[in-house]
Enquirer: 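Structure in structure tokens, see below.
As a basis for the values below, the full set of heavy atoms in this structure was taken, side chains included, without hydrogen atoms, waters or symmetry mates.
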Amino acid sequence: MSEQWPIIGLILVLADWVIRIAALIVIPRDRKPTASMAWLLAIFLIPFVGILLFLLIGNVKLPKKRRDRQTEINRMIAERADGMDLVADRSEWPTWFASVVEQNRVLGALPAAGGNTAHLIGDYQASIDAMAADIDTAEHFVHVEFFIVSLDTTTKGFFAAMERAVQRGVVVRVLLDHISTGRSATHEATYAELDRIGAKWSFLLPVMPFKGKYQRPDLRNHRKLVVVDGRVGYMGSQNLIDRSYNSKKNLKRGLQWQELVARVTGPVVAGINGVFLSDWYSETDENLLATEHLPATEAPFSTDPDALDCQVVPSGPAYEGENNLRQFLALVNSAQQQVIITSPYFVPDEAMIYAITSASLRGLEVQLFVSEIGDQGSVWHAQRSYYGQLLRAGVRIFMYPGPYILHAKHMSIDDDVAVIGSSNMDIRSFNLNFEVMLLVRGPSFVAEMREVEAGYRAVGRELTLEEWEREPASATFLDGIARLTSALQ
């Protein structure tokens with residue numbers, strides 16, 4: 001046996017070199033330099049563990065069948081939208097805005113539409129109650145899609161409204177993320193209640209290998225939306241669950257989630273519904289796109305002077321173009337006066353951090369709102385690793401105080417343009433999660449968002465560069481390790 005050890009050692013050395021050479025060839029292909037470097041470091045430092053991790057989570061693409069389905073959906077949407085101009089007046093648009101709208105249409109298929117209204121709801125229970133009240137007006141269908149759905153004391157009114165809708169003969173369809181909802185404390189009761197009330201429901205991206213349903217487990221559907229009869233829609237950051245997420249860890253720390261949701265009416269609701277219909281088709285094989293009005297809609301077109309031009313922008317691993325990242329980059333690079341970002345998990349890629357710091361360096365007012373405390377340790381440390389770079393460039397950082405987790409996801413550009421939805425400004429939302437954002441042009445909506453931002457500023461604390469530079473070396477070391485880990489996408 002001792003004579004075989006040199007041979008085994010030689011085989012291991014050769015295998016190590018084969019892995020390293022193969023990694024140098026394969027990993028940089030179609031991958032960002034930062035992600036390539038992180039993977040190569042992992043494989044070179046811990047070759048066998050690194051290659052195992054790469055084989056498990058190194059491919060961010062969904063199965064080909066799912067990507068082909070998204071291509072088919074985009075083609076159907078594009079055909080219906082061909083030749084339509086759903087914005088009556090573009091004369092007041094900023095000169096750069098049309099190019100952003102066109103980029104979004106090319107990547108996500110959905111056009112912009114005028115004649116909309118949108119209002120923000122920052123009260124957690126009030127947003128759920130507003131959705132339930134609109135569900136009570138449904139005559140044809142209710143479409144519900146959330147990352148997490150949970151039956152609890154906070155959401156029971158929403159479930160009761162869905163039950164009443166079913167009893168009136170309204171079709172209620174519900175999509176919920178398989179893994180994330182499955183982790184909630186009340187998931188079994190939630191599934192049973194959906195069955196009891198007669199809702200049609202399905203998991204999003206189920207991980208059921210023994211049933212032939214499998215993809216990379218951390219590719220999740222993070223969207224949050226509700227559509228009632230194609231005339232009222234909701235989008236934002238809030239999940240359908242109690243403000244504490246019913247988690248023992250959160251309850252022990254007293255954590256409460258602070259959210260922001262937009263209630264939308266008008267032609268753009270067809271786009272929100274289109275995102276739901278796309279996901280429903282992908283998960284159930286039931287193609288409702290042939291019978292639903294998309295993107296043209298019978299929703300009322302507002303002629304109010306403050307009516308908004310809006311565009312729904314979906315993104316995720318079924319798309320090739322990193323839709324939301326490109327939208328964020330275009331908006332920040334186009335800003336002329338100010339950029340205000342709210343993101344609970346702020347782990348941008350290199351292009352995004354350069355865009356934000358460059359905006360500040362060219363004289364714009366740039367502000368970032370984040371939580372003072374974190375609910376996910378590794379993400380919180382990765383986020384902190386960017387603070388020094390941002391502060392030195394002149395970006396103002398405001399810390400929203402605990403025990404609240406500022407979970408809202410929105411950005412305002414100058415005094416005329418804003419986006420709100422489900423996407424964090426982090427690598428996971430850019431590459432791994434299915435997300436959806438609402439692009440809005442209109443001073444009245446941005447003014448409403450400014451009031452929300454002023455509220456954050458009033459209760460928050462501004463982080464200074466002097467304070468940041470007093471951080472102990474051990475803390476910044478952990479931040480750097482967390483940033484490296486976050487790049488393994």
Enquirer: Give a yes or no on whether the backbone of Pro348 and the side-chain of Tyr386 come within a donor-acceptor separation of less than 3.5 Å.
Expert: yes
Enquirer: Without hydrogens or angle criteria, can the side chains of Tyr245 and Asp375 be said to hold a donor-acceptor pair below 3.5 Å?
Expert: no
Enquirer: How are the rings of Trp93 and Phe97 set to each other: parallel, tilted or perpendicular (split at 30° and 60°)?
Expert: perpendicular
Enquirer: Do you know which two heavy atoms are closest between Leu465 and Gly388, and how far apart they sit?
Expert: CD1-O, 4.4 Å
Enquirer: Would you call the rings of Phe369 and Phe398 parallel, tilted or perpendicular, where under 30° means parallel and over 60° means perpendicular?
Expert: parallel
Enquirer: Distance-only, no hydrogens or angles: does the Ser429 side chain make a donor-acceptor pair with backbone N or O of Asp426 under 3.5 Å?
Expert: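 Answer holds: no.
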Enquirer: Indicate yes or no: at least one non-hydrogen side-chain atom of Ile397 is less than 4.5 angstrom from one of Glu462.
Expert: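 Sidechains of Glu462 and Ile397: no contact.
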Enquirer: Could you pull out the closest heavy-atom pair between Ala113 and Asn116, with the gap in Å?
Expert: O-ND2, 2.7 Å
Enquirer: Do His119 and Glu448 have side-chain heavy atoms sitting under 4.5 Å apart?
Expert: yes
Enquirer: Please check if atom CD in Glu92 has more than 12 non-hydrogen atoms from other residues, nucleotides or ligands closer than 6.0 Å.
Expert: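 Open.
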Enquirer: I would like to know whether Asp242 and Ser244 meet side-chain hydrogen bond (donor to acceptor under 3.5 Å, both in side chains); could you show each step before the answer?
Expert: CA-CA 5 Å; Asp242 182 77; Ser244 68; 2.6 Å; yes
Enquirer: Enumerate donor-acceptor pairs with a distance under 3.5 Å from any side-chain N or O in residues 412-422 to protein atoms, sequence neighbours excluded.
Expert:
{"unit_1": "Ser412", "atom_1": "OG", "unit_2": "Arg450", "atom_2": "NH1", "d": "2.4"}
{"unit_1": "Ser412", "atom_1": "OG", "unit_2": "Glu453", "atom_2": "OE2", "d": "2.8"}
{"unit_1": "Asp414", "atom_1": "OD1", "unit_2": "Gln336", "atom_2": "N", "d": "3.1"}
{"unit_1": "Asp414", "atom_1": "OD1", "unit_2": "Gln337", "atom_2": "N", "d": "2.6"}
{"unit_1": "Asp414", "atom_1": "OD1", "unit_2": "Gln338", "atom_2": "N", "d": "3.1"}
{"unit_1": "Asp414", "atom_1": "OD2", "unit_2": "Gln336", "atom_2": "N", "d": "3.2"}
{"unit_1": "Asp415", "atom_1": "OD1", "unit_2": "Gln338", "atom_2": "NE2", "d": "3.2"}
{"unit_1": "Asp416", "atom_1": "OD1", "unit_2": "Arg441", "atom_2": "NH1", "d": "3.0"}
{"unit_1": "Asp416", "atom_1": "OD2", "unit_2": "Arg441", "atom_2": "NH1", "d": "3.2"}
{"unit_1": "Ser422", "atom_1": "OG", "unit_2": "Glu435", "atom_2": "OE1", "d": "2.6"}
{"unit_1": "Ser422", "atom_1": "OG", "unit_2": "Val436", "atom_2": "N", "d": "3.0"}
{"unit_1": "Ser422", "atom_1": "OG", "unit_2": "Val436", "atom_2": "O", "d": "3.4"}

Enquirer: Decide, yes or no, whether a salt bridge links Glu145 with Lys224 under the criterion of side-chain N to carboxylate O below 4.0 Å.
Expert: no
Enquirer: Specify whether His178 and Phe203 have parallel, tilted or perpendicular ring planes, treating 30° as the upper limit for parallel and 60° as the lower limit for perpendicular.
Expert: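 Correct class here is tilted.
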Enquirer: For atom OH of Tyr281, decide whether the heavy atoms of other residues, nucleotides or ligands shown that lie under 6.0 angstrom number more than 12.
Expert: yes
